[in-house]
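FYI, side chains are in, hydrogens and waters are out, and symmetry mates aren't considered; it's all heavy atoms of this structure. Note that the structure is a prediction, hence the values are computed from the model and not measured. To find a chain, count down the sequence lines: A is the first, B the second, and so on, and within it residues start at 1.
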Number of protein chains: 2
Amino acid sequence: MQDLSPQQTAQNGIDEAIVSSILSARIRPGTRLSENQLATLFDVSRTRVREAMMRLEARGIVNVSPRRGWFVVEPSADEAMTVYDARRVIEAGLLRTMDRLTETGRTILNAHLAEEKAAIAAGDRQRLTCLMGDFHIRIAELAGNAILVDILRDLTARTILISMLYQSDFHAMQSHLGHCHIVAAMELGDFPKAAALAVEHLDEVETGLDLTRRPDPLADLRRSLSLPPQTAASSSQASRKAKP
Amino acid sequence: MQDLSPQQTAQNGIDEAIVSSILSARIRPGTRLSENQLATLFDVSRTRVREAMMRLEARGIVNVSPRRGWFVVEPSADEAMTVYDARRVIEAGLLRTMDRLTETGRTILNAHLAEEKAAIAAGDRQRLTCLMGDFHIRIAELAGNAILVDILRDLTARTILISMLYQSDFHAMQSHLGHCHIVAAMELGDFPKAAALAVEHLDEVETGLDLTRRPDPLADLRRSLSLPPQTAASSSQASRKAKP
DNA sequence: GCGACAAATCTTGCATACAAGACGAGTAAG
DNA sequence: CTTACTCGTCTTGTATGCAAGATTTGTCGC
């Protein structure tokens with residue numbers, strides 16, 4: 001859940017370590033996942049790493065470019081829209097099939113909202129990203145359907161990658177309020193309304209994306225050098241050297 | 001789509017060959033998938049077969065029993081209910097987000113219904129199973145969401161496995177009529193009603209299952225010997241030898 | 001200075017080899 | 001006749017080795 005080091009993770013923990021890192025926004029989209037490096041990190045042979053990659057590939061988490069390497073997926077604008085679409089369908093469908101909120105469910109959701117609030121107050125953006133994704137997974141867990149939980153977890157991972165690529169600025173408070181409204185509707189037992197609010201919420205988040213932004217191939221290098229993020233001006237003058 | 005022989009399938013076609021075989025009910029749940037046999041059949045090394053298995057495992061299609069082998073999943077009664085639940089959520093959510101049926105969509109769906117009718121008339125049960133599953137995938141395709149199509153395809157595969165395990169008798173005509181009603185609602189543009197009908201339809205199919213039936217470990221041998229299917233009586237007297 | 005070319009290096013793709021464990025047949029003892 | 005045990009065979013688990021291709025770096029010619 002929190003910080004799982006390579007060593008303590010069990011046999012097939014490579015998958016979950018990577019997914020978990022994505023869910024907590026510690027791996028950027030497009031990150032190269034070298035078989036050799038992962039093999040040394042987890043102290044296994046390349047074979048096991050490859051098997052983990054195959055599973056992650058089937059889950060839509062990583063990509064392989066033949067003879068070039070494995071990469072964390074970089075969803076295109078189209079794919080991003082598809083992901084949000086799928087989430088709207090599933091989450092709204094989920095809420096609409098629920099008919100009551102158990103007492104423990106109420107407790108869990110409110111505890112989660114409190115955590116979100118705390119993270120906002122602390123300004124812990126990484127933790128916030130993680131929590132914002134987890135909220136939707138919590139709802140699926142409440143519904144008790146393990147299959148949908150898994151599906152939503154993977155979709156959430158992709159969502160986080162998308163937001164790292166296209167999110168211009170993150171309105172944490174707005175998202176948090178969206179979650180609060182959904183929970184409020186659930187507490188009132190008005191699940192169709194909760195479903196509508198969830199759709200609206202996902203719409204809002206999607207609208208907050210700048211899907212016209214081209215992925216910046218220099219992003220990681222830029223970040224390593226502590227340079228400011230890409231702008232229209234910087235991308236056009238990036239080709240020639242700066243003149244003093 | 002139809003019969004794809006191992007040879008003509010591309011590099012990673014092992015996955016799709018197996019899924020396709022499940023979708024057309026040519027592989028039973030619990031079937032052992034020997035790495036060596038598959039390697040020989042597809043004329044590749046065990047490595048590639050294993051990689052395919054890893055992907056299928058991530059998709060919930062196969063299971064591995066350590067050091068014993070790979071098996072096509074045998075969903076338990078609980079898992080079966082979970083699968084149907086997930087399908088209700090996704091398919092109802094899908095239909096509810098649609099707002100119009102294009103002309104080509106109408107054509108596709110009606111062509112599909114005609115195929116179902118023909119298969120019923122011909123009594124081609126295997127083809128019918130395939131078509132019954134495909135119907136729901138068609139709808140997802142109409143919505144144009146590739147992610148949901150993939151998810152529904154895998155869920156449909158599991159559904160077919162479930163029906164092979166638990167379906168006492170298959171009311172093809174009833175299912176076909178259910179599909180017709182859904183399409184009718186869609187043609188009228190009443191998608192909430194189509195969603196409700198889809199839920200109802202899946203309920204019907206699920207009700208048609210006998211989820212109390214224990215999976216029969218002798219099923220494949222029984223079938224090979226052309227013995228009648230399992231009954232309560234036969235299962236209780238199976239343990240001791242028959243005395244003349 | 002600049003562009004093209006070539007070799008070196010690093011990557012994955014795939015097959016094979018060996019080890020560990022499970023299963024079943026056969027056997028011996030009771 | 002039944003039961004327990006052991007050995008042989010077959011399965012997957014994992015590592016390693018080699019080949020093919022892509023990228024990058026270094027060099028040469030202009």
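Rounded to whole Å, atom C1' of C/dG13 lies 8 Å from atom CD of B/Glu51. If you measure from atom CZ of A/Phe71 to atom C1' of D/dT23, you get 11 Å, rounded to the nearest angstrom. Atoms CG (A/Asn36) and P (C/dT9) sit 16 Å apart, rounded to a whole Å. At whole-Å resolution of the value, CE in A/Met54 and C1' in C/dC14 are 10 Å apart. To the nearest angstrom, P of D/dT12 lies 17 Å from CZ of A/Arg48. Counting to the nearest Å, the P atom of C/dC14 and the CE atom of B/Met53 are 16 Å from each other. Remark: C1' of D/dA19 and CZ of A/Arg46 are 12 Å apart, rounded to the nearest angstrom. Between B/Gln37 atom CD and D/dT12 atom C1' the separation is 14 Å, expressed in whole Å.
Here B/Ser45 reaches the OP1 or OP2 of C/dA15: one of its side-chain N or O atoms lies under 4.0 Å away. Taking side-chain N and O atoms only, A/Arg67 has no distance below 4.0 Å to OP1 or OP2 of D/dA20. An OP1 or OP2 oxygen of C/dG13 is reached within less than 4.0 angstrom by a side-chain nitrogen or oxygen of A/Arg50.
Nearer the 5' end of DNA chain D, as judged by each residue's closest nucleotide, is the contact made by A/Thr47, out of A/Pro66 and A/Thr47.
Counting heavy atoms from C-beta outward, A/Ile139 and A/Glu91 have side chains that stay 4.5 Å or more apart.
Distances were taken from every side-chain heavy atom of A/Trp70 (C-beta onward) to each of D/dA15, D/dG13, C/dG13; the shortest belongs to C/dG13. Listed nucleotides C/dT12, D/dA15, C/dA15 differ in distance to A/Val44; the shortest reach to its side chain belongs to D/dA15.
Checked by atom type, the side-chain pair B/Arg88/A/Thr97 shows no donor-acceptor distance below 3.5 Å.
Counting non-hydrogen atoms of neighbouring residues, nucleotides and ligands closer than 6.0 angstrom, the CZ atom of B/Arg32 exceeds 12 such neighbours.
Across all non-hydrogen atoms, the minimal contact from B/Leu209 to B/Ser163 is CD2-CA, 4.3 Å.
Separating the CD atom in B/Glu57 from the CD atom in A/Glu51 is a distance of 9.0 Å, to the nearest 0.5 Å.
In this structure, B/Ser34 reaches the sugar-phosphate backbone alone: every heavy-atom distance under 4.0 Å involves primed, P, OP1 or OP2 atoms, never a base.
Judged by atom type and distance alone, A/Arg68 does not reach the base of D/dA22 through any side-chain donor-acceptor pair under 3.5 Å.
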